[in-house]
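Below you'll find the structure, written out as structure tokens, and then a few comments.
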Amino acid sequence: MTKHVLVTGGAGYIGSHACKALKAAGYTPVTFDNLATGWRDAVRFGPFEEGDLADRERIDEVFARWRPIAVMHFAAISLVGDAMRDPGTYWRVNVLGALNLIEASVAAGCKDFVFSSTCATYGDQDGVVLDEDSPQHPLNAYGKSKLAIEQMLGDFGASHGLNSVIFRYFNVAGADSEGEVGEFHRPETHLIPLMLDAIDGKRPALTVFGTDYPTRDGTCVRDYVHVMDLVDAHVAGLKWLEAGQGSRVFCLGTGRGFSVREVIDQSRVVTNRDVPVIFGERRAGDAVSLVSGSERARRDLGWQPDRSHMAQMIADAWRWHQSGHFEK
Ligand code: UDP
């Protein structure tokens, strides 16, 4: 019999790629999504349950119907700029949603939980390469809400035997190389899709947020991971939990940072097109540099981020960008 995995946010960018990877690994992903930012057309790899994590009864119904062996929790709001303007919504949606989900999961006897956390829980760390033991001092309500959920998972582990694998992602980019799913947010706020819009004239230009950061060229540095590599780690994390190896935190980065200017330069090469650029002010809440090693994920999970080369991530994103997107 197929094993069901409840995937919250399975209609979103990373969640839909995770569903594809789960199906390929022999699981049946059950997507739970309110479609606030996700796309019905992205739910292609298993059943769909529309619902909101604010609604505990609806979550209980879904657990009773599918009896999942594990949860992968992606559903969240995740924009640094919005979190600075409206922190209350970040605390409410992310933290209360996760609490409902975790309590429902424990009540249903589903004790394996994979959580999508973020490098935004670290805040500014002065250019060091981060790892799982680096101190966490988030700069904005988005990072703080994710850190609160990490801590919540620890408490439910100690008191209720919930086992969690927490992945702290660095910047996720690229798209499914078979073109079934890809990145598409409305509104779009992320660097690479906005840059591709500027390249093909859907936007007049890309605004670079800040050129006076203490980095090699004055722009922020991030560690970009290919979405297909990232979701491979999630499947490996699920297997880790199924094998009874207990709770663990993993950083998912490549150890190599790219500045905003370097990403733009690579895009010019990959697409062979000009990138119209405006140099603007810093964006509130942005860390200067977020780069991570991934030794633990490589060692414990056998993770190999082989697709996480900037040129490949941009090429896959560009192919997806040109192929047309989901429409509501
Ligand atoms: N960025 C930028 N212009 C944009 C969007 C993003 O210069 O229109 C920069 C942003 O300041 C950050 C990097 O690109 O340094 C990645 O931002 P993104 O929003 O893609 O991801 P985040 O790091 O916020 O998760």
Side-chain angles (χ1 to χ4, degrees), residues 9 12-14 37 74 76-85 90 94 116-125 127 130 136 138-147 167-175 182-200 202-227 230 251-254 256-268 275-292 308 310 313-314 316-318 320-321:
Y13 170 43
I14 302 172
T37 54
F74 296 98
I77 47 176
S78 61
L79 304 178
V80 168
D82 284 356
M84 296 300 288
R85 281 186 291 275
Y90 274 71
N94 290 353
S116 113
S117 190
T118 168
C119 60
T121 59
Y122 289 113
D124 260 331
Q125 307 268 343
L130 299 162
Q136 291 171 287
L139 298 180
N140 54 61
Y142 165 58
K144 290 176 191 174
S145 70
K146 290 279 186 172
L147 179 56
F167 288 116
R168 294 189 192 132
Y169 310 163
F170 286 69
N171 286 53
V172 187
E183 182 169 18
F184 186 36
H185 301 102
R186 189 179 282 154
E188 189 55 77
T189 64
H190 293 101
L191 176 63
I192 292 177
L194 285 175
M195 191 176 54
L196 299 180
D197 274 352
I199 289 175
D200 72 5
K202 292 200 181 92
R203 288 170 203 270
L206 172 77
T207 302
V208 174
F209 295 145
T211 52
D212 59 349
Y213 283 101
T215 60
R216 48 189 173 266
D217 62 19
T219 64
C220 288
V221 170
R222 296 286 182 274
D223 184 345
Y224 293 83
V225 178
H226 196 295
V227 64
L230 189 92
C251 285
L252 298 179
T254 66
R256 159 124 204 241
F258 282 82
S259 72
V260 175
R261 285 186 209 263
E262 288 166 346
V263 174
I264 294 169
D265 289 345
Q266 277 281 325
S267 304
R268 289 201 175 98
V275 187
V277 170
I278 295 169
F279 294 101
E281 296 300 309
R282 291 183 178 198
R283 179 173 68 177
D286 264 342
V288 177
S289 170
L290 289 166
V291 179
S292 163
S308 298
M310 185 51 72
M313 289 186 278
I314 294 170
D316 287 344
W318 181 229
W320 164 254
H321 188 89

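Note that the structure is predicted; figures quoted are calculated from it, not measured. Both counts, for ligands and for their atoms, begin at 1 and track the order of listing.
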Relative to ligand 1, is Ile192 under 4.0 angstrom through side chain, backbone, both or neither, heavy atoms considered?
neither
Would you mind listing which atoms of ligand 1 come within a distance below 4.0 Å of any non-hydrogen atom of Val208?
7 (O)
Under-4.0 Å heavy-atom contact with ligand 1, by part of Tyr224 that carries it:
side chain
Thr207, portion touching ligand 1 at heavy-atom distance under 4.0 Å
backbone
Proximal atoms of ligand 1 relative to Val260 (non-hydrogen, under 4.0 Å):
7 (O), 9 (C), 14 (O), 15 (O)
Check each atom of ligand 1 against the heavy atoms of Asp286 and keep those under 4.0 Å away; list them by number with element.
10 (C), 11 (O)
Minimum heavy-atom distance Tyr224-Thr254, with the two atoms named:
O-CG2, 3.5 Å
Could you tell me whether Leu206 and ligand 1 have an N or O pair separated by under 3.5 Å?
no
Of the listed options (Arg283, Glu188, Arg203, His190), which comes nearest to atom 17 (O) of ligand 1 when hydrogens are ignored and any heavy atom counts?
Arg283
Within the 4.0 Å heavy-atom shell around Leu194, which atoms of ligand 1 are there?
8 (O)
Distance filter under 4.0 Å to Thr189 heavy atoms, resulting ligand 1 atoms
5 (C), 19 (O)
Test Tyr213 against every option in Thr215, Asp217, Thr211 by the side-chain contact (heavy atoms from CB on, under 4.5 Å) rule and name the one that passes.
Thr215
For atom 22 (P) of ligand 1, find the nearest protein heavy atom and state the residue, atom name and distance (0.1 Å precision).
Asn171 ND2, 3.5 Å
What one should report as the nearest heavy-atom pair of Ala198 and Leu206 is CB-N, 3.7 Å
